[in-house]
2 protein chains.
Amino acid sequence: MELAEAKQKFIEAWGKLGSEWGINRTMAQVHALLLISAEALTTEEIMETLSISRGNANMTLRDLINWGLIEKQHRAGERKEYFYAEKDTWNIARQVAKERRKRELDPVLKILDELSKVEGDATNPEFITFNKSVTDINKLAKNVDKTLDTMLKAEENWFWGSIFKIFK
Amino acid sequence: MELAEAKQKFIEAWGKLGSEWGINRTMAQVHALLLISAEALTTEEIMETLSISRGNANMTLRDLINWGLIEKQHRAGERKEYFYAEKDTWNIARQVAKERRKRELDPVLKILDELSKVEGDATNPEFITFNKSVTDINKLAKNVDKTLDTMLKAEENWFWGSIFKIFK
DNA sequence: TTAAACTTTCAAAATTTATTGAAAGTTTAT
DNA sequence: ATAAACTTTCAATAAATTTTGAAAGTTTAA
């Protein structure tokens with residue numbers, strides 16, 4: 001397989017995976033493109049490579065910066081902005097976990113905590129079932145939350161090393 | 001808060017979380033409704049409670065069955081089908097992990113393996129960067145895959161116990 | 001200043017995804 | 001065999017999300 005074709009496939013695969021997990025396909029594709037680029041790229045180059053509009057490129061790049069996955073670079077004597085992706089996979093994974101936790105897990109945890117406190121008739125099967133489900137899910141979500149917290153603070157080797165030591 | 005209001009909030013929260021993670025909002029809501037129902041429900045009751053059409057209810061219920069999250073129940077002397085959700089949170093988590101791995105992670109792993117094998121000019125920075133990114137992501141994805149595998153086989157207590165023993 | 005180079009915005013358009021509902025299909029009881 | 005009770009299908013429609021592109025905004029150099 002040619003490098004160009006392989007790059008293409010990677011961008012497609014990353015875009016598909018992203019969209020299946022609730023991340024805008026274009027955002028995932030721009031990220032993929034920057035990930036496999038040795039050099040920082042301009043908006044112009046990104047637009048051209050992925051055949052997207054200027055507006056789309058601009059918004060997507062801003063989002064990626066907000067996610068902490070890419071950064072702007074400036075070059076002496078040039079007005080154009082260049083974009084460069086963090087290349088360390090572990091940092092990418094941590095950054096994504098961090099953002100999604102903040103945006104999506106935390107709000108749900110807050111609601112689950114509230115709902116866990118709802119009181120009701122302890123002889124009503126409808127109440128019992130509601131209470132048990134909510135309480136159980138809340139516990140699981142808290143476990144996930146704690147594990148993410150550990151992951152965010154951890155070094156890659158330590159994290160996976162620990163997991164494999166246990167899981168053999 | 002009233003039980004009815006709490007149920008409503010739970011269904012909304014579960015639906016929102018689902019849609020943020022690439023799961024159809026209605027599917028997540030139907031699942032939520034069944035999760036907190038003491039009794040199995042009919043299509044009719046689900047349609048009414050969530051204000052969705054018969055077709056939508058039918059397709060969504062079929063999907064949930066395919067995901068292994070709910071099952072059909074039959075009652076003696078009745079023609080109607082009743083739907084009942086698996087209530088064990090750990091089993092739900094495992095089931096979701098299992099399905100998503102099969103549907104979304106495995107195909108990407110396959111592509112990453114292919115792309116890891118692409119050969120090229122070892123002095124070309126573009127090739128070096130491509131190769132390193134793909135190889136690193138492939139390693140991470142394989143770690144995730146192995147961890148999911150362990151989780152699928154594990155008992156809840158053992159799994160979280162092991163994680164906490166390590167993470168303190 | 002001015003104007004060229006570049007970036008940002010956002011309403012409208014396109015695309016993708018989800019939903020409807022009526023018709024077709026199936027099962028069961030008589 | 002018939003019909004009532006119930007389920008499934010899917011083309012059409014609606015809703016949600018994404019993308020466009022041109023205008024407005026900003027920065028820099030002279």
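A quick note: this is a predicted structure, and the numbers were derived from the prediction, not measured. Throughout, a chain's letter reflects where its sequence line sits, starting with A, and its residues are numbered from 1.
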Quiz item: Just how far is it from atom CG of B:Leu41 to atom CD of B:Gln73, taken to the nearest 0.5 Å?
Solution: 10.0 Å
Quiz item: Quick one: on DNA chain D, does A:Asn24 or B:Glu44 contact a more 5' nucleotide (nearest heavy atom)?
Solution: B:Glu44
Quiz item: Quick one: do A:Glu20 and A:Lys16 make a salt bridge, cutoff under 4.0 Å?
Solution: yes
Quiz item: How many Å lie between CZ on B:Phe83 and P on D:dC6, as a whole number?
Solution: 13 Å
Practice problem: Considering just the side-chain nitrogens and oxygens of B:Asn58, establish if one lies under 4.0 Å of OP1 or OP2 belonging to D:dT8. | Solution: yes
Self-check item: salt_bridge(A:Lys80, A:Glu44) N-O dist < 4.0 Å
Solution: no
Quiz prompt | Whole-Å gap separating P (C:dT7) and CD1 (A:Ile46) | solution = 11 Å
Quiz item: For C:dC6, does OP1 or OP2 lie under 4.0 Å from any side-chain N or O of A:Thr43?
Solution: no
Quiz prompt | Electrostatic pair B:Asp113-B:Lys117, nearest N-O below 4.0 angstrom | solution = no
Quiz item: Whole-Å distance between D:dC6 C1' and B:Tyr82 OH?
Solution: 12 Å
Quiz prompt | Where A:Phe83 and A:Leu61 come nearest, the two heavy atoms and their spacing | solution = CE1-CD1, 3.5 Å
Quiz prompt | Atom-to-atom span, CD of B:Glu78 to C1' of D:dT7 - whole angstrom | solution = 15 Å
Exercise. Answer yes if B:Leu109 and B:Met151 sit in the same cluster of Ile, Leu, Val, Met, Phe, Trp and Tyr residues linked by side chain heavy atoms under 4.5 Å apart, and no otherwise.
Key: yes
Practice problem: Mark up nucleotides 20-30 of chain D, 5' to 3', with B wherever a protein heavy atom is under 4.0 angstrom from a base atom, S wherever such an atom reaches only the sugar-phosphate, and - elsewhere. | Solution: BB-----BB--
Exercise. Starting from C1' on C:dC6, measure out to CZ on A:Arg75 and report it in whole angstrom.
Key: 16 Å
Quiz item: Quick one: A:Lys16 NZ to C:dT16 P, roughly how many Å, whole number?
Solution: 15 Å
Quiz item: Salt bridge between B:Arg101 and B:Asp149, side-chain N to carboxylate O under 4.0 Å?
Solution: yes
Quiz item: Could you give the CD-to-P distance, from B:Glu20 to D:dA16, as a whole number of Å?
Solution: 15 Å
Quiz item: How close or far is atom P of C:dC6 from atom CG of A:Leu61, stated in whole angstroms?
Solution: 16 Å
